[in-house]
Visitor: 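I have a structure here, written as structure tokens, and I will follow up with some questions on it.
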Amino acid sequence: MMKHIVLLIIFSSSLTSCFKSVDQVDAETTVLVQPFEGMEKDLVDTVLLTFKEVYGVQAYTVPSIKIPDYTFVNIKSPRFRADSLIRYLRDSIYPKHDQVDYVVGLIDEDISTTKYSDYSSRSIKSPEYKYKDWGIYGLGFCPGKSCIVSTHRLKKGTTVENFILRLKKVSCHELGHNFGLPHCPNKDCIMQDAAETIKTIDNVELHLCDDCRKKIGLPIQ
Ligand SMILES: [Zn+2]
Ligand SMILES: [Zn+2]
């Protein structure tokens, strides 16, 4: 049972699809929002409310926790590994909460993962070329029990209002991957691939399309 990690990455759309079954989401589905140290409480509360509004799930939070030291890297710049963080949330935080179905980590620090090259990059790089440490907005198992969203890159070059909107969108996107939703071709859907730039995030609506809603058992709006 291989789980695919799906990335919301900055400069590439080379993503793994969700091939496994999609979870059914309802009013009993419970999401824990786990902040890491340094995360603003108001932002955590905003994400909680957004999950309730967009997915109709129950959501709650707990006090922030220390970022595990072993997730720190300093390859291109000092930051934390998203792949290590989602494993930590799945293996060390999720089992502590009996009633929880999914854990969404929120972090104020920059996060990164390894980016493997895709076909489109072969003209300039060898197929094996990869970026060892690539800055991202968020990362989540698809399907799976945990995901992480970083506010670090979402703040850049925008207003406070739009930063908060970006945070809502990326949080819903990563949680959608946990439910088993793959990227969606519908242009206004929250599950659209971030593709080339932050502009894609700015252009999507805070909205889950009917195709995606059907897959996870939510009523059509
Ligand atoms: Zn994605
Ligand atoms: Zn969709």
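Atoms within each ligand, like the ligands themselves, are counted from 1 in listed order. As a basis for the values below, the full set of heavy atoms in this structure was taken, side chains included, without hydrogen atoms, waters or symmetry mates.
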Visitor: May I ask you to say whether D211 pairs ionically with K215, meaning some side-chain N is under 4.0 Å from a carboxylate O?
Guide: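 A salt bridge is absent here (no side-chain N lies under 4.0 Å from a carboxylate O).
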
Visitor: Look at the side chain of N162 and the backbone N and O of L165, then say whether any donor-acceptor pair between them is shorter than 3.5 Å.
Guide: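 A pair under 3.5 Å: no.
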
Visitor: Strictly under 2.8 Å of the Zn ion (ligand 2): which protein N/O/S atoms qualify?
Guide: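 For the Zn ion (ligand 2), the protein N, O and S atoms that sit under 2.8 Å away are C184 SG, C189 SG, C209 SG, C212 SG.
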
Visitor: One thing to verify: whether D108 and K155 come together as a salt bridge, which I'm taking to mean a side-chain N less than 4.0 angstrom from a carboxylate O.
Guide: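 Answer for the salt bridge query: yes.
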
Visitor: Which value, rounded to 10°, describes the NE2(H177)-the Zn ion (ligand 1)-NE2(H173) angle?
Guide: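 About 90°, to the nearest ten degrees.
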
Visitor: Mind checking whether M39 and S64 have side chains closer than 4.5 Å, heavy atoms only?
Guide: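 When only atoms from C-beta onward are counted, S64 and M39 do not touch, as no gap falls below 4.5 Å.
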
Visitor: Could you tabulate the donor-acceptor pairs under 3.5 Å formed by side-chain atoms of residues 94-107, not counting sequence neighbours?
Guide:
unit_1, atom_1, unit_2, atom_2, d
D101, OD2, T30, N, 2.7
Y102, OH, D23, OD2, 2.5

Visitor: Quick check: does any side chain N or O of K169 sit under 3.5 Å from a backbone N or O of I201, one acting as donor and the other as acceptor?
Guide: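 Yes; judged by distance alone, with no hydrogens or angles, the pair exists.
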
